[in-house]
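Below, read A as the first sequence line, B as the second, and so on, with proteins coming before strands; counting in each chain starts at 1. Computed from heavy atoms alone, side chains included, the values below leave out hydrogens, waters and symmetry copies.
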Amino acid sequence: MVRQFVLKRDPSAESISLSIDYRSELNAQQLRAVTFGRGAALVVAGAGTGKTRTLVYRVAYLVETGVPPEEIVLLTFTRRSAREMISRASALLDGRCQHVMGGTFHSFCLNILHKYGMSIGFPGNFTILDSADAADVIDLLRSEIRIQVNKKRFPRKRTLQAIISGVRNQGIPVLEYVENRYPQFLEYVEMISDLAAEYDRYKFNHGLMDYDDLLSQTLFLFEEHDNVRKSVAGRCRYVLVDEYQDTNRAQASIVRALASVNGNLMVVGDDAQSIYRFRGADFKNIMRFPEQFPDTVVLKLEQNYRSTQGILDLANHIITTARQKFEKHLFTDLKTGENPVLIRAPDTRSESRFVSQMILERRESGVELSDMAVLFRSGFNSYDLEIELNRCGIPFVKYGGLKLSEAAHIKDVLAHLKVVENPRDGVAWNRILLLIEGIGPQTARNIREWIDEQADNVASSQASSQADGQARTPFSIDEPRFSPGYVEKVRVLLDMLRSLHTNPNMSVTDQVETVLAYYEPLLHRIYYEDYPKRTQDLEHFATLAESFTDRAALLASLALDPIELTAIDIEPMKDDEPPLVLSTIHSAKGLEFNSVFLIQAMEGVLPSAYSVGDHDAEDEELRLLYVAVTRAARRLYISYPGVKYNRSAGQYFAKPSRFLVNIPEKLLESGSLVEQEQQLLQPARDELEVHRSETETT
DNA sequence: ACAAGCAGTTTTTTT
DNA sequence: AACTGCTTGT
């Protein structure tokens, strides 16, 4: 590294030129982080200690002290939080902050690969596989290998994808990974390894990249081309990383590479809130940070501005029971407040009714609906509650769970666009061919093979010369080699795709409309049971697509930043009241609410049944509870049903979460539900019934 | 040989 | 709701 001489700022000039009064708006610890100079810093920030605020002020401070905004990189966990922080910084200072480079690791890497990928042999038009697409690719390859397996239980495609991705993320052999996490599949280790190799080869040959590739290929690019690394890192004058406890190995390496020229790096995180182990995140990254950057200054934010003392006491108590001890004790000045409660409801229905009722009460007492949240472990834990909320006419948005872009019909439409973008995208071809009546897996495969040949011909004719004058596309049938049962239908499909391919000036909206016109009849045939609902989603999607200037941007954006709207979406804000938030605990990270309801806090759900027996996994479930609890500012209600219904076991007695049973009453009061007398209850229920018929759209 | 439809099983969390 | 395995029909 070039030796640097630091010129100290003139303190008298500082007070004149800075427009923000940092001293009065931040506490001493925050101020230190915000005004930190050059070098490496680790900010250990407990829940609710103003972590986001600190980052926002840090961005503004850097810009205000003359750092060019486009040389500041802010890496966050979701694009949503990057967007939010940058706009908050802009509001604080001015529009200059909009030019800060911000986003997720994946989107940042995608930009780099688009810019420099050509130099290491990646085509410019590669398509991105989300994890479901990746599983589909693996499934295509699996069907070939499986013939030799015969009759035995081979892992399903999602499991295979999880294993292959996990192996990549942790950089360990398949054997070790399967031994630890999937001992039931030990006999298939060799086949899984073969499959992983096949998968990599397939992706390379067909211009595909999965999420892991975006990170690892960027690292590969940096390793192979030092000038690229220097050039990229040279433009990263200041690097800021949020949620550092949830980075994996590859991401930590990328951070190191980005800081390798200027060395100005600030990472912010909280080891107690690490909840992405399943995705390869390693909270030890945060412990290792000071070793990797020997001159690291460690800064701590410990004063909590969010929650009442009662909520913090509970949170502190919970985290001390983790097997891996964390040295952290949050404190606050907020003394007042109602203590957290643990409520046992008779069953799931009454739990939903209780939560809805409390939400209405809180709203009556002046709390905005949008300042309340219902949190749960898994997306489907809220199904029953969603019905009840609809019945009560309470508007809500749901984060986590099924995404719009993950719905089958949206993926169908996207697959058509992907094929036009990257004609070698075999999974997308497979998907759209299977939609045609009369074409099954085998025929789709034959057609795909023929398409691959065509694509090769196109490539070679382009390579040799443009002598034949006519641009060839991979979307025409020259030979009558397919059976008449479906050849006409394939011809219609190819005609449609060719019209998009040969028309580079066509707007994204027109492209989407063209695909939709083609897809509509297929949708009706395949989803004859519920196509009206799906048609609605497609219209929503078409509106959304209008804001994109080109097809590649639309596809990349949907792959990297899935629209978080469930199919069970309410009418887009018909009334102006901001809706209640339903969210998985994972998706609620970084958010805060006046009142939080944590539902289904029972054994088998939180902790998840998958985690029991694995100490590290159980610890992570505990941290998940910690995250949920610390989202609450004033009120916290934790509930679980005493009886749970399950299709296989029927009704069974549910146990409260093991993390909650031995907590002193002083920290967590327990409560139970009593059914109100019939006469009083009846009119209220009648009224709700009326609401139901008005609001129920699903 | 292949597609399509039916019944029973299985569902974590996300870039 | 989606996936898997099985049966039936072309």
Original post:
Does a side-chain N or O from A:R277 land closer than 4.0 Å to OP1 or OP2 of B:dT14, or not?
Top reply: no
**OP:** Would you please confirm or rule out a distance under 4.0 Å between OP1 or OP2 of B:dT14 and any side-chain N or O of A:S587?
**Re:** yes
**OP:** Could you check how far CG of A:D139 sits from C1' of C:dT4, rounded to whole Å?
**Re:** 11 Å
Original post:
Rounded to the nearest Å, what distance is computed from the CD1 atom of residue A:I410 to the C1' atom of nucleotide C:dA2?
Top reply: 17 Å
Original post:
Is the closest side-chain heavy-atom distance between A:Q251 and A:L215 below 4.5 Å?
Top reply: yes
Please tabulate, for side-chain N and O atoms in residues 163-170 of chain A, each donor-acceptor pair with protein atoms closer than 3.5 Å (sequence neighbours left out).
from   : atom 1 : to     : atom 2 : distance (Å)
A:S165 : OG     : A:N169 : ND2    : 3.4
A:S165 : OG     : A:D212 : OD2    : 2.8
A:R168 : NH1    : A:D213 : OD1    : 3.4
A:R168 : NH2    : A:D213 : OD1    : 2.8
A:R168 : NH2    : A:S216 : OG     : 2.8
A:N169 : OD1    : A:N248 : ND2    : 3.1
A:N169 : ND2    : A:S165 : O      : 3.3
A:N169 : ND2    : A:D212 : OD1    : 3.4

Original post:
What is the distance from CZ of A:F77 to C1' of B:dT13, rounded to the nearest Å?
Top reply: 10 Å
What does the list of N/O pairs under 3.5 Å between the protein and nucleotides 6-8 of chain B look like, with a distance for each?
none

Original post:
Could you give the OH-to-C1' distance, from A:Y531 to C:dA1, as a whole number of Å?
Top reply: 20 Å
Original post:
Where the side chain of A:R156 is concerned, which of B:dT15, B:dT13, C:dC3 is the nearest nucleotide?
Top reply: C:dC3
Original post:
Hey, can you pull the residues of residues 102-113 of chain A with a non-hydrogen atom under 4.0 angstrom from DNA chain B?
Top reply: A:T104, A:H106
Original post:
Reckon A:E437 touches a base, only the sugar-phosphate, or nothing at all at heavy-atom distances under 4.0 Å?
Top reply: sugar-phosphate
Subject >> Closest to the A:K157 side chain, choosing from B:dT12, C:dC3, B:dT14 >> reply: C:dC3
**OP:** Mind calculating the distance between OH (A:Y527) and P (C:dA2) to the nearest angstrom?
**Re:** 7 Å
**OP:** Check side chain to side chain donor-acceptor pair (under 3.5 Å) between A:D347 and all other residues, then give those that pass, not counting sequence neighbours.
**Re:** A:S350
**OP:** Rounded off to whole Å, could you give me the CD-to-P distance for the A:E386 and C:dA1 pair?
**Re:** 12 Å
Subject >> A:R142 and A:D139 ion-paired at < 4.0 Å >> reply: yes
Original post:
For the side chain of A:Q442, counting heavy atoms from C-beta on, which of B:dT12, B:dC2, B:dT13 is nearest?
Top reply: B:dC2
Subject >> Atom pair distance, as rounded to whole Å: CZ in A:R158 and C1' in C:dA1 >> reply: 13 Å
Original post:
Between B:dT13 and A:Y610, is there an OP1 or OP2 to side-chain N/O distance shorter than 4.0 Å?
Top reply: no
Original post:
Taking atom C1' of B:dT15 as reference, at what distance in whole Å does atom CG of A:N169 sit?
Top reply: 10 Å
Subject >> ring-ring contact (aromatic ring centres under 6.0 Å, His included) involving A:Y202 - partner list, sequence neighbours excluded >> reply: A:H206
Original post:
Would you call A:K411 and A:E406 a salt bridge, using N to O less than 4.0 angstrom?
Top reply: no
**OP:** Assign each of A:L434 and A:L624 to its nearest nucleotide of DNA chain B by heavy atoms, then name whichever residue's nucleotide is nearer the 5' end.
**Re:** A:L434
Subject >> Which residues share a salt bridge (Lys or Arg N to Asp or Glu O under 4.0 Å) with A:E84, sequence neighbours left out >> reply: A:R88
Original post:
Which sits closer to the 5' end of DNA chain B, A:G440 or A:Y211, going by the nucleotide each is nearest to?
Top reply: A:G440
Subject >> Residue A:A408, side-chain atoms from C-beta onward, closest of B:dT10, C:dA2, B:dC2 >> reply: C:dA2
Original post:
Looking across every strand, which nucleic acid part, if any, lies under 4.0 Å from A:I439 by heavy atom: base, sugar-phosphate, or nothing?
Top reply: sugar-phosphate
Subject >> Short side-chain N/O contact from A:S378 to OP1 or OP2 of B:dT11, under 4.0 Å >> reply: no
**OP:** May I ask you to evaluate whether A:S131 reaches the phosphate of B:dT14, defined as a side-chain N or O under 4.0 Å from OP1 or OP2?
**Re:** no
Subject >> salt bridge (Lys or Arg N to Asp or Glu O under 4.0 Å) involving A:E621 - partner list, sequence neighbours excluded >> reply: A:R377
Original post:
Got a sec, which residues hit salt bridge (Lys or Arg N to Asp or Glu O under 4.0 Å) with A:K418, two or more places apart in sequence or on another chain?
Top reply: A:D133
**OP:** Scan for salt bridge (charged side-chain N to carboxylate O under 4.0 Å, His left out) pairs involving residues 156-165 of chain A, sequence neighbours excluded, and state none if there are none.
**Re:** A:D136-A:K157
